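Structure record follows, encoded as structure tokens.
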Amino acid sequence: SDVYKRQYQRRVRGSYRQSMSAALGLYRRILRLHRWKLPVDMRQLGDNYVKEEFRLHKTANPEQVSEFMVQWQGYAEQLEGQTSDFGREMSDAEVGLLSSDQHEQLGKLRGQSGQDS
């Protein structure tokens, strides 16, 4: 019984380390992309947002972490594919698909950047 328990704990710790390593790599990748792709004022806003989001998700459950990673990987890929223009306006259809939490976050970001909500 103790042997199985120790084996399980080792697997869990290994899986946790892997996911933390992947999250840290993605975090670094995004901050690096911000340095290369965003204007200085937007970089500061973006860096602060990324740091806060990753900090808040340190204690998230595995399902939340999985979705979190997918969304941030998509963001990183979008930045990588970007040419000289940074960002783009969301279409009305895209805005309509946002959850209430995402609408709230979008409002906060627009407020921080000086845009109207």
Side-chain angles (χ1 to χ4, degrees):
S1 173
D2 285 342
V3 172
Y4 294 118
K5 185 177 177 182
R6 283 192 297 263
Q7 287 175 343
Y8 173 77
Q9 288 172 338
R10 267 186 251 141
R11 274 197 312 270
V12 168
R13 278 194 301 268
S15 173
Y16 176 77
R17 284 188 197 117
Q18 271 186 320
S19 66
M20 290 302 291
S21 177
L24 183 58
L26 180 58
Y27 173 78
R28 289 176 176 161
R29 176 181 170 202
I30 291 169
L31 293 179
R32 195 174 321 116
L33 285 165
H34 281 184
R35 269 197 313 272
W36 296 337
K37 300 283 187 169
L38 298 180
V40 175
D41 55 338
M42 292 305 296
R43 177 181 165 204
Q44 182 179 13
L45 176 67
D47 286 355
N48 289 340
Y49 181 71
V50 169
K51 289 173 185 177
E52 179 68 10
E53 284 293 304
F54 274 77
R55 185 187 65 75
L56 289 172
H57 279 79
K58 278 185 178 180
T59 58
N61 69 46
E63 294 82 27
Q64 291 171 323
V65 170
S66 177
E67 182 62 23
F68 178 83
M69 294 292 288
V70 166
Q71 295 299 322
W72 281 104
Q73 286 169 348
Y75 172 72
E77 289 168 9
Q78 181 183 13
L79 276 179
E80 284 176 336
Q82 206 166 278
T83 56
S84 60
D85 296 333
F86 86 92
R88 66 174 178 79
E89 287 296 316
M90 293 176 71
S91 70
D92 290 340
E94 289 171 322
V95 172
L97 294 173
L98 297 177
S99 69
S100 60
D101 289 342
Q102 291 170 322
H103 275 286
E104 183 180 327
Q105 196 64 27
L106 181 59
K108 288 179 186 176
L109 287 172
R110 285 181 170 163
Q112 290 174 352
S113 69
Q115 294 180 355
D116 294 327
S117 305

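Predicted model only: the values in this text are computed from it and were never measured.
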Under 3.5 Å, which donor-acceptor pairs do the side chains of residues 65-74 form with other protein atoms, sequence neighbours left out?
{"residue": "Glu67", "atom": "OE2", "partner": "Gln71", "partner atom": "NE2", "Å": "2.7"}

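Annotation: side chain of Phe54 is in contact with side chain of Leu26 (closest heavy-atom distance under 4.5 Å). For the pair Leu38/Gln44, no side-chain contact is recorded, criterion being any heavy-atom separation below 4.5 Å from C-beta on. Side chains of Ile30 and His34 form a contact here, defined as non-hydrogen atoms less than 4.5 Å apart.
The environment of Asp92 atom CG is sparse: at most 12 non-hydrogen atoms of other residues, nucleotides or ligands sit within 6.0 angstrom.
One finds the OH atom of Tyr75 at 8.0 Å from the CD atom of Gln78 (value rounded to the nearest 0.5 Å). Separating the CG atom in Leu56 from the NZ atom in Lys51 is a distance of 14.0 Å, to the nearest 0.5 Å. Atoms CZ and CG, from Arg35 and Asp47 in turn, are 8.5 Å apart once rounded to the nearest 0.5 Å. Distance OH/Tyr27 to NE2/His57: 14.5 Å, rounded to 0.5 Å. Separating the CG atom in Leu97 from the CD atom in Gln102 is a distance of 9.0 Å, to the nearest 0.5 Å.
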With side chain to side chain contact (heavy atoms under 4.5 Å, CB included) as the criterion, how do Lys37 and Met42 come out once you've worked through the C-alpha distance, each side chain's angles and the decisive distance to 0.1 Å? CA-CA 10 Å; Lys37 300 283 187 169; Met42 292 305 296; over 6 Å; no
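Formation of a donor-acceptor pair under 3.5 Å by the His103 side chain with backbone atoms of Val95 is found in this model.
Under the 4.5 Å side-chain heavy-atom criterion for grouping Ile, Leu, Val, Met, Phe, Trp and Tyr, Val40 is not connected to Leu33 through any hydrophobic cluster. Both Leu31 and Trp36 are part of a single hydrophobic cluster, where members link through side-chain heavy atoms under 4.5 Å apart.
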